[in-house]
Amino acid sequence: MRLFPRLALMWLAVSAGFVAALCLGAQDYSPRLLWSALAAYDPTDPAQAIIREMRLPRAIAALVIGAALAVAGVVMQAMARNPLADPGLTGVNAGAALAVVLGLFWLGALPQLGIVGLALAGAALATVLVRLLAGGGDNTLRLPLAGAAFASLCMALVALIVLLNPEARNIYRFWMVGSLAMAQPPALAVLGPVAAVGILIAAIAARQIEAMMLGAEMGRALGLSVGRVLGLGLAAVALTAGASVAIAGPVGFIGLIAPHMARRAARGASLTQQVALACPVGAGLAVLADLAGRWLARPAEMQLGIVLAMIGAPAFMLLVRRMLRETA
């Protein structure tokens with residue numbers, strides 16, 4: 001099957017999951033009520049208010065962070081030449097966490113947009129610092145090491161700060177687990193375009209990154225600038241993963257698992273095609289994981305990060321097992 005029919009089927013499945021996420025939850029609502037809430041909204045109807053004001057922002061946030069993290073994973077695995085690489089290797093999660101707790105420590109309680117701004121700024125700064133630590137030239141092998149070292153330093157500082165400030169600890173604990181309960185329209189209006197720009201950069205730079213996967217010398221022979229290509233790749237990861245962390249905290253496993261699912265959906269696909277396929281795969285994973293956390297545990301809920309960890313950890317072990325079997 002060609003790429004476009006695959007994409008159409010995937011997005012159709014994601015659309016079905018999106019509708020289910022709006023209808024199902026602690027209280028299930030009919031498609032007719034959903035249509036009324038979207039097309040003829042009555043703010044005096046509590047059921048329509050729940051759909052419009054609570055479930056719709058969550059579902060949109062799941063689409064955004066799922067697609068963004070999946071694309072970040074595709075780019076990161078290609079740049080690191082490692083199928084087990086994760087966007088967190090750029091230090092975005094640790095940088096965002098450190099920025100959030102520093103802001104809470106110095107400024108006290110912050111509004112939602114304040115926490116979002118700190119997380120995005122911390123993620124972007126972390127990516128820049130990791131790039132500098134990894135050095136110039138073909139630093140694809142040094143990049144994960146620099147990211148791991150920087151993340152360890154950041155998380156040590158985070159642990160120190162949250163021990164000194166109980167208020168920061170309480171807010172940080174809720175943010176760190178990864179939840180869409182914090183997703184609000186003002187934040188999505190800012191971070192949605194940020195993630196979209198990151199996905200666009202990834203799509204534009206995909207062919208150059210794919211050429212660099214053959215090695216720095218081959219890339220130079222093709223007329224590519226190694227530093228520029230890596231810079232574009234890291235910019236894509238910083239924008240996509242940074243926006244996702246700012247929306248819902250450090251949500252794991254989508255950036256690791258979704259690229260493999262996208263590659264299996266179209267074997268032999270180019271990196272550009274993998275970026276396109278990863279968007280619906282990641283969006284679908286996030287939407288279904290959030291729906292499962294709300295519907296299966298109702299009337300309570302399991303945070304998105306917890307559900308994805310329960311799904312992703314076994315998937316990761318199976319992936320490692322398959323890779324070891326193939327290399328044996």
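- Nearest heavy-atom pair across L308 and F253 is O-CD1, 3.7 Å.
- One hydrophobic cluster, built from ILVMFWY side chains closer than 4.5 Å, cannot hold both L163 and L98; they sit in different ones.
- Taking the side chain as every heavy atom from C-beta outward, L304 and R58 never approach each other to under 4.5 Å.
- V130 and A146 make their closest contact through O-CB, 4.0 Å (heavy atoms, listed as atom of the first residue, atom of the second, distance).
- Neither W295 nor M54 shares a network with the other; the hydrophobic side chains, linked directly or stepwise wherever heavy atoms of I, L, V, M, F, W or Y lie under 4.5 Å apart, form separate groups for each.
- Atoms CE and CG, on M76 and D86 in that order, are 8.5 Å from each other to the nearest 0.5 Å.
- Taking CG of L234 as the start and CE of M79 as the end, the distance is 4.0 Å to the nearest 0.5 Å.
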Is there a side chain to side chain contact (heavy atoms under 4.5 Å, CB included) between R294 and L24 once you walk through the steps? CA-CA 8 Å; R294 290 187 294 108; L24 304 179; 6.0 Å; no
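- Rounded to the nearest 0.5 angstrom, L69 CG and I257 CD1 are separated by 12.5 Å.
- If you take CG on L133 and CG on L129, they are separated by 6.5 Å, rounding to the nearest 0.5 Å.
- For the pair V307/D290, no side-chain contact is recorded, criterion being any heavy-atom separation below 4.5 Å from C-beta on.
- Side-chain contact between Q48 and L33 is present, with at least one heavy-atom pair separated by less than 4.5 Å.
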Verify side chain to side chain contact (heavy atoms under 4.5 Å, CB included) between E301 and L180, making sure each step is shown before the conclusion. CA-CA 11 Å; E301 75 169 75; L180 291 177; over 6 Å; no
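- A salt bridge does not link D45 to R52: none of the charged side-chain nitrogens sits closer than 4.0 Å to a carboxylate oxygen.
- Residues L56 and I51 fail the side-chain proximity criterion, which asks for heavy atoms closer than 4.5 Å.
- Enclosure of atom CH2 in W11 by more than 12 non-hydrogen atoms of other residues, nucleotides or ligands within 6.0 angstrom is indicated.
- V75 is not listed as a side-chain neighbour of T240, based on a closest heavy-atom distance of 4.5 Å or more.
- The two residues A123 and G242 have their closest heavy-atom pair at CB-CA, 3.6 Å.
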Stepwise side chain to side chain contact (heavy atoms under 4.5 Å, CB included) test for I50 and Q27: CA-CA 10 Å; I50 289 175; Q27 177 68 43; over 6 Å; no
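- Distance alone, capped at 3.5 Å, places no donor-acceptor pair between the R55 side chain and the A21 backbone.
- Within the 4.5 Å cutoff, no side-chain heavy atoms of Q184 are placed close to those of V116.
- Residues A126 and F150 approach most closely at CB-CE2, 3.4 Å, considering heavy atoms.
- Between A99 and G122 the shortest heavy-atom distance is CB-CA, 3.7 Å.
- No continuous path of hydrophobic side-chain contacts links V74 to I204 [ILVMFWY only; heavy atoms under 4.5 Å].
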Could you walk me through whether V237 and T127 pass the side chain to side chain contact (heavy atoms under 4.5 Å, CB included) test, one step at a time? CA-CA 8 Å; V237 172; T127 305; 5.8 Å; no
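- Note that the CG atom of L296 and the CG atom of L291 stand 7.5 Å from one another [nearest 0.5 Å].
- Both L7 and L285 are assigned to one and the same hydrophobic cluster, defined by single-linkage of ILVMFWY side chains at heavy-atom distances under 4.5 Å.
- In this structure, M310 places its CE atom where only 12 or fewer heavy-atom neighbours from other residues, nucleotides or ligands lie under 6.0 Å away.
- R228 CZ: 12 or fewer foreign heavy atoms inside a 6.0 Å radius.
- Side-chain heavy atoms closer than 4.5 Å link hydrophobic residues (I, L, V, M, F, W, Y) into clusters, and following such links, even through other members, never connects L63 to L288.
- A donor-acceptor contact shorter than 3.5 Å links the side chain of Q274 to the backbone of A269.
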Check against side-chain hydrogen bond (donor to acceptor under 3.5 Å, both in side chains), Q77 and R263: CA-CA 12 Å; Q77 290 177 10; R263 284 192 287 270; 2.7 Å; yes
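- Shortest non-hydrogen contact noted between A238 and V92 is CA-CG1, 4.4 Å.
- Rounded to the nearest 0.5 Å, atoms CD (Q208) and CG (L230) are 10.5 Å apart.
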